[in-house]
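Working notes, structure below.
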Amino acid sequence: MTREELKEYLPHREPMLLVDEIEIDENGICHSRYRVKEDEYFCRGHFPGNPIVPGVIQCEIMAQSCALLVKDELQGKTTLYTGIDKVRFKNMVRPGDLVEVTASLKGRRGQIFYCEAVLKVGDMVCCKGELSFALV
C-alpha cells in the first residue's frame, strides 16, 4: 500500500504521516517503511548540528504502523494511544535513514488494541515496545 492509499485509512497528514508504505503478510504482520527526510520539523532543533529522531517520534512511527493492522476498522475513527509499555531505545535514528517497522496485533478488548512493534534501520534495532490504542 502506498502513501496515498494509506491516507484512506489513517487520519494523519503531513507532517505527521510517518508511514510511506506497508505490506501486511498472510500472518497478519505489518511491515512498514518510512524514509526520514533531511528537513523533518522534529530534527531541526533535536539537535542542531547533530540531528536525531526523538524517541517519541519513533513511538509514533510504530503506533501508525500498529494502527494499520486494523485498517479496515479505521475509517471515520481516530486512533488514540492508551499505553506505551516496555519501550526501549537501542540505537539512534537520523535524517536520511530508512526506518522499517514490524508490528503485530497481540490482543483486543472491544475497541482497544494491543500490539508489539520493532523499529529498525537496516539490521539495527533502534526501538521496540508494546503499544495499545483505542478507536474513537
| request: With sequence neighbours excluded, tell me which residues meet side chain to side chain donor-acceptor pair (under 3.5 Å) with Q111. | output: R108
| query | Once you round to the nearest 0.5 Å, how far does CD of Q58 lie from SG of C126? | reply | 6.5 Å
| Looking only at heavy atoms, what is the nearest atom pair of G96 and R35, with distance? | O-NH1, 2.8 Å
| request: Any ring-ring contact (aromatic ring centres under 6.0 Å, His included) involving residues 114-136? Give me the pairs, sequence neighbours left out, ordered by first then second residue. | output: F113-F133
| query | Does CE in M92 sit with more than 12 non-hydrogen atoms of other residues, nucleotides or ligands closer than 6.0 Å? | reply | no
| Is it true that L131 and Y34 fall in one hydrophobic cluster, defined by side-chain heavy atoms closer than 4.5 Å? | yes
| query | Are V121 and V56 connected, step by step, through hydrophobic side chains (Ile, Leu, Val, Met, Phe, Trp, Tyr) whose heavy atoms are closer than 4.5 Å? | reply | yes
| request: For C59 and V87, run side chain to side chain contact (heavy atoms under 4.5 Å, CB included): C-alpha distance rounded to whole Å, both residues' side-chain angles, the deciding distance at 0.1 Å, then the answer. | output: CA-CA 8 Å; C59 288; V87 172; 4.0 Å; yes
| field | Pairs flagged by salt bridge (Lys or Arg N to Asp or Glu O under 4.0 Å) wherever residues 18-30 is involved - sequence neighbours left out | value | R3-D20, E21-R33, E23-R33
| said: Is there a continuous path of hydrophobic side-chain contacts, each under 4.5 Å between heavy atoms, that joins L6 to V70? | reply: yes
| request: Just jot down the side chain to side chain donor-acceptor pair (under 3.5 Å) partners of Q64, sequence neighbours excluded, or say none. | output: E60
| query | What is the distance from atom CE of M1 to atom CD1 of I22, rounded to the nearest 0.5 Å? | reply | 4.0 Å
| said: Suppose we screen for side chain to side chain donor-acceptor pair (under 3.5 Å). Which residues come up paired with E116, at least two apart in sequence or across chains? | reply: none
| field | Reported CD-to-CG distance for the pair E14 and L17, which is rounded to 0.5 angstrom | value | 5.5 Å
| message | By the definition side chain to side chain contact (heavy atoms under 4.5 Å, CB included), identify the one residue from V36, L18, D97 that meets it with V53. | response | V36
| Those residues that, when tested against Q75, pass side chain to side chain contact (heavy atoms under 4.5 Å, CB included) (two or more places apart) | E8, Y9
| Partner residues of K37 under the salt bridge (charged side-chain N to carboxylate O under 4.0 Å, His left out) criterion, sequence neighbours left out | E40
| request: Output every pair passing ring-ring contact (aromatic ring centres under 6.0 Å, His included) with a member in residues 66-104, not counting sequence neighbours, ordered by first then second residue. | output: none
| field | Verify same cluster id: V93, I84 (apolar side-chain graph, 4.5 Å) | value | yes
| Would L74 and V136 show up in the same hydrophobic cluster when neighbours are defined by side-chain heavy atoms closer than 4.5 Å? | no
| task | Report the residues that fulfil side chain to side chain donor-acceptor pair (under 3.5 Å) with T82, sequence neighbours left out, ordered by chain and then residue number. | result | S132
| message | Could you check whether any side-chain heavy atom of M124 comes within less than 4.5 Å of a side-chain heavy atom of K90, counting everything from C-beta outward? | response | no
Listed pairs under 3.5 Å, donor-acceptor, residues 41-52 side chains, sequence neighbours left out:
from: H46; atom 1: ND1; to: I52; atom 2: O; distance (Å): 3.0
from: N50; atom 1: OD1; to: R94; atom 2: NH1; distance (Å): 2.9
from: N50; atom 1: OD1; to: R94; atom 2: NH2; distance (Å): 3.4

| query | Please walk me through it: do T79 and L135 pass side chain to side chain contact (heavy atoms under 4.5 Å, CB included)? | reply | CA-CA 5 Å; T79 54; L135 295 183; 3.4 Å; yes
| How about R109: does its CZ atom have over 12 heavy atoms from other parts shown lying under 6.0 Å from it? | no
I'd like a table of donor-acceptor pairs (distance under 3.5 Å, sequence neighbours excluded) in which one partner is a side-chain atom from residues 98-107, with atom names and distances.
none

| query | Side chains of I29 and H31: does their closest heavy-atom pair fall under 4.5 Å? | reply | yes
| With a 4.5 Å heavy-atom cut-off, do L119 and V125 have their side chains touching? | no
| field | Step-by-step side chain to side chain contact (heavy atoms under 4.5 Å, CB included) determination, V19 to L68 | value | CA-CA 10 Å; V19 179; L68 290 163; 4.2 Å; yes
| Qualifying salt bridge (Lys or Arg N to Asp or Glu O under 4.0 Å) pairs with a residue from residues 124-136, counting only residues at least two apart or across chains | K86-E130
| field | Neighbour count >12 (heavy atoms, 6.0 Å) for atom CG, D123 | value | no
